[in-house]
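In this text, all values refer to a predicted model and were calculated from it rather than measured experimentally. Counting convention: from 1, in listed order, for ligands and their atoms alike.
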Amino acid sequence: MRLLVTGGAGFIGANFVHQSVTSRPDVHVTVLDKLTYAGNRASLDQVADRIEFVHGDIADTALVDRLVGGVDAVVHFAAESHNDNSLADPWPFVQTNIVGTYSLLQAVRRHQVRYHHISTDEVYGDLELDDPKAFDESTPYNPSSPYSASKASSDMLVRAWVRSFGVRATISNCSNNYGPRQHVEKFIPRQITNLIDGIRPRLYGTGHQVRDWIHVDDHNSAVWEILERGRIGQTYLIGADGERDNKSVVEMILEAFGRAPDDFDHVTDRPGHDLRYAIDSSLLRTELGWEPRYRDFRTGLEATIDWYRENESWWRPRKAATESAYAAAGEKVL
Ligand code: NAD
Ligand code: DAU
């Protein structure tokens, strides 16, 4: 199979490329990535001789048409992915997440190429802490931030291209990923690298918000199941029953560093901060037989901490600029 992976130099995309190259020798991967601040060529160093790398923009219709014309399937990870950035400047989110997805959809339509669209549970909005129901495939869309609204928009384009033009597409909406190669702007890597640098972890607001954590390798194994055996036009939710509140996650990271559980700062809350995400992945499990491999969050988190300790050269060049951006956005210790 010839596969085009967009956003393959980002966190989830790079781990997907590693998993694909390692476990599927019959797959030839071409990565298309713009190398924004979030993309990192070094994330693909270990597989560089097994893939083709194209530096370019998914909104470049001529380039996308040429690349899509030469593959059997597209897995579309490329996106502006960080909520805080979308609050500071929404435009790149509209351009990449909506216009970029449109460009890919037109190309897969023209060349009749199988397409898998990577999306997020954030399109469903948020849940109360005591809501007994989790998100499932029938939950109405209700996005809160410019990021989640742009992802919701892109999902809607995919649904329309399936129905109106017969595009052979599937969509997956996954919960919060953790694991190696995640940018230091994101919650878990930010706290780990802060502690390596002797800075106290930073918790937005109360820290009572809940996220449903899944290891990135489990997300990617689900994507492969859907790509190979998913029903065309179907949406699948991906989650691994990993609900934790942010404060507990910070306490667990502090414990791994041998620090006191209250050795963190509360900082300015995120405007419009979603309270809780939770995924019901029954459809994926019953229909496709998928199961997560990382069932113990603590073990996965400790392995992730080790990865950041052992790969300082990967994250160090981005750390100072990331913290300066948070300070410039007005983040203050409460
Ligand atoms: P990331 O920010 O780490 O990586 C995004 C990648 O896309 C980067 O390599 C960047 O250079 C590339 N990119 C950005 N704009 C581009 C453009 N116009 N053309 C080509 N490449 C471009 O993101 P991530 O966390 O790996 O997320 C990947 C996908 O998974 C996104 O679609 C995101 O919405 C979705 N998702 C993420 C999570 C999560 O927890 N991180 C959970 C569910 C879904
Ligand atoms: O749910 C899936 C989504 O998960 C993806 O679609 C997004 O691409 C991905 O970034 C992630 O979104 P979140 O906004 O949930 O992730 P983030 O890592 O930014 O924050 C996780 C939680 O931690 C959130 O409640 C905000 C909080 N937080 C974040 C940072 C960076 C803190 O308390 N302190 C921090 O320093």
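In this structure, Gly8 does not count as a contact residue of ligand 1, since none of its heavy atoms falls inside 4.0 Å of the ligand. Distances from ligand 1 to the non-hydrogen atoms of Thr6 include no value under 4.0 Å. At least one heavy atom of Lys151 sits less than 4.0 Å from an atom of ligand 1. Not a single heavy atom of Pro92 sits less than 4.0 Å from an atom of ligand 1.
Neither the backbone nor the side chain of Asn173 comes within contact range of ligand 1; no heavy atom lies under 4.0 Å. The proximity of Ala14 to ligand 1, defined as any non-hydrogen pair under 4.0 Å, does not occur for either the backbone or the side chain. Residue contacts with ligand 2 for Asn176 involve both N, CA, C or O and side-chain atoms from C-beta outward (heavy atoms, distance under 4.0 Å). At a 4.0 Å heavy-atom cut-off, ligand 1 does not touch Trp213 at all.
Judged purely by distance below 3.5 Å, without hydrogens or angles, the side chains of Ser43 and Asn40 never pair a donor atom with an acceptor atom. At a cut-off of 3.5 Å, with distance as the only test, a side-chain donor of Gln106 or Trp161 sits close to an acceptor on the other residue. At a cut-off of 3.5 Å, with distance as the only test, a side-chain donor of Trp224 or Ser20 sits close to an acceptor on the other residue. Of the N and O atoms on the side chains of Asp155 and His117, at least one donor lies less than 3.5 Å from an acceptor on the other residue. Residues Asn311 and Tyr308 bring no donor and acceptor atom of their side chains to less than 3.5 Å of each other. Checking Asn15 against Arg181 by side-chain atom types alone, a donor-acceptor pair falls below 3.5 Å.
The ligand atoms of ligand 2 that sit less than 4.0 angstrom from a heavy atom of Thr120 are 1 (O), 2 (C), 3 (C), 5 (C), 6 (O). Residue Arg202 approaches ligand 2 through these ligand atoms, each under 4.0 Å from one of its heavy atoms: 32 (C), 33 (O), 34 (N), 35 (C), 36 (O). Residue Gln191 has at least one heavy-atom neighbour below 4.0 Å for each of these atoms of ligand 2: 34 (N), 35 (C), 36 (O). Those atoms of ligand 1 with a heavy atom of Leu35 less than 4.0 angstrom away are 11 (O). Numbered from 1 in the order shown, with element, the atoms of ligand 2 that lie under 4.0 Å from a heavy atom of Tyr277 read 1 (O), 15 (O). Atom numbering of ligand 1 starts at 1 in the shown order; those under 4.0 Å from a heavy atom of Ala78 are 7 (O), 21 (N), 22 (C). Within ligand 1, counting atoms from 1 as listed, the ones closer than 4.0 Å to a heavy atom of Asn176 are 40 (O). Atoms of ligand 2 lying under 4.0 Å from at least one heavy atom of Leu203, given by number and element, are 33 (O). Less than 4.0 angstrom separates some heavy atom of Asp121 from each of these atoms of ligand 2: 1 (O), 2 (C). With ligand atoms numbered from 1 in the order given, ligand 2 contributes 31 (C) to contacts under 4.0 Å with heavy atoms of Tyr326. Shown in contact with Asn177 at under 4.0 Å from a heavy atom are these atoms of ligand 1, numbered in order with element: 39 (C), 40 (O), 42 (C). Atoms of ligand 2 found under 4.0 Å from any heavy atom of His273 (numbered from 1 in listed order, with element): 24 (C), 25 (O), 26 (C).
Between Arg285 and Asp241 a salt bridge is recorded (basic side-chain N to carboxylate O distance below 4.0 Å). Between Asp217 and Arg293 there is no salt bridge, since none of the side-chain N atoms of the basic residue sits less than 4.0 Å from a carboxylate O of the acidic one. With respect to Arg200 and Asp263, a salt bridge is recorded, a charged nitrogen being found less than 4.0 Å from a carboxylate O. Looking at Arg316 and Asp197, a side-chain N of the basic residue comes within less than 4.0 Å of a carboxylate O on the acidic one, giving a salt bridge. A salt bridge is absent between Glu185 and Arg318: the closest approach of a Lys/Arg side-chain nitrogen to an acidic carboxylate oxygen does not fall below 4.0 angstrom. Asp72 has a carboxylate O that lies under 4.0 Å from a charged side-chain N of Arg2, or vice versa, which qualifies the two as a salt bridge. Looking at Glu122 and Arg211, no side-chain N of the basic residue comes within less than 4.0 Å of a carboxylate O on the acidic one, giving no salt bridge. A salt bridge is defined here as a Lys NZ or Arg NE, NH1 or NH2 lying under 4.0 Å from an Asp or Glu carboxylate O, and Asp65 with Arg110 meets this definition.
No donor-acceptor pair closer than 3.5 Å links the side chain of Thr6 to the backbone N or O of Leu32. In terms of modelled atom types and a separation under 3.5 Å, the side chain of Arg168 and the main chain of Gln112 share a donor-acceptor contact. Not one N or O on the side chain of Asp212 forms a donor-acceptor pair closer than 3.5 Å with the backbone of Tyr277.
Of the listed residues (Ser150, Ser81, Ala59), the one carrying the non-hydrogen atom nearest atom 1 (P) of ligand 1 is Ser81. When the heavy-atom distances from atom 19 (O) of ligand 2 to Lys186, Arg270, Lys151, Glu185 are ranked, the shortest goes to Arg270. Taking each of Gln209, His183, Arg190, Glu80 in turn, the one with a heavy atom nearest to atom 36 (O) of ligand 2 proves to be Arg190. Of all the listed residues (Tyr204, Phe11, Tyr147), Tyr204 holds the heavy atom that lies closest to atom 30 (C) of ligand 2. Nearest to atom 5 (C) of ligand 1 by heavy atom, out of Cys174, Gly7, Ala79, Ala38, is Ala79. Which of Phe77, Phe11, Tyr147 comes nearest to atom 34 (O) of ligand 1 through a heavy atom is settled by distance: it is Tyr147.
Polar contact check, Gln182 against ligand 1: no nitrogen or oxygen pair lies under 3.5 Å apart. For the pair Glu185 and ligand 1, the shortest N or O to N or O distance does not fall below 3.5 Å. At least one N or O atom of Thr96 sits closer than 3.5 Å to an N or O atom of ligand 1.
Ile118 CG2, 3.8 Å is the protein heavy atom nearest to atom 35 (C) of ligand 1.
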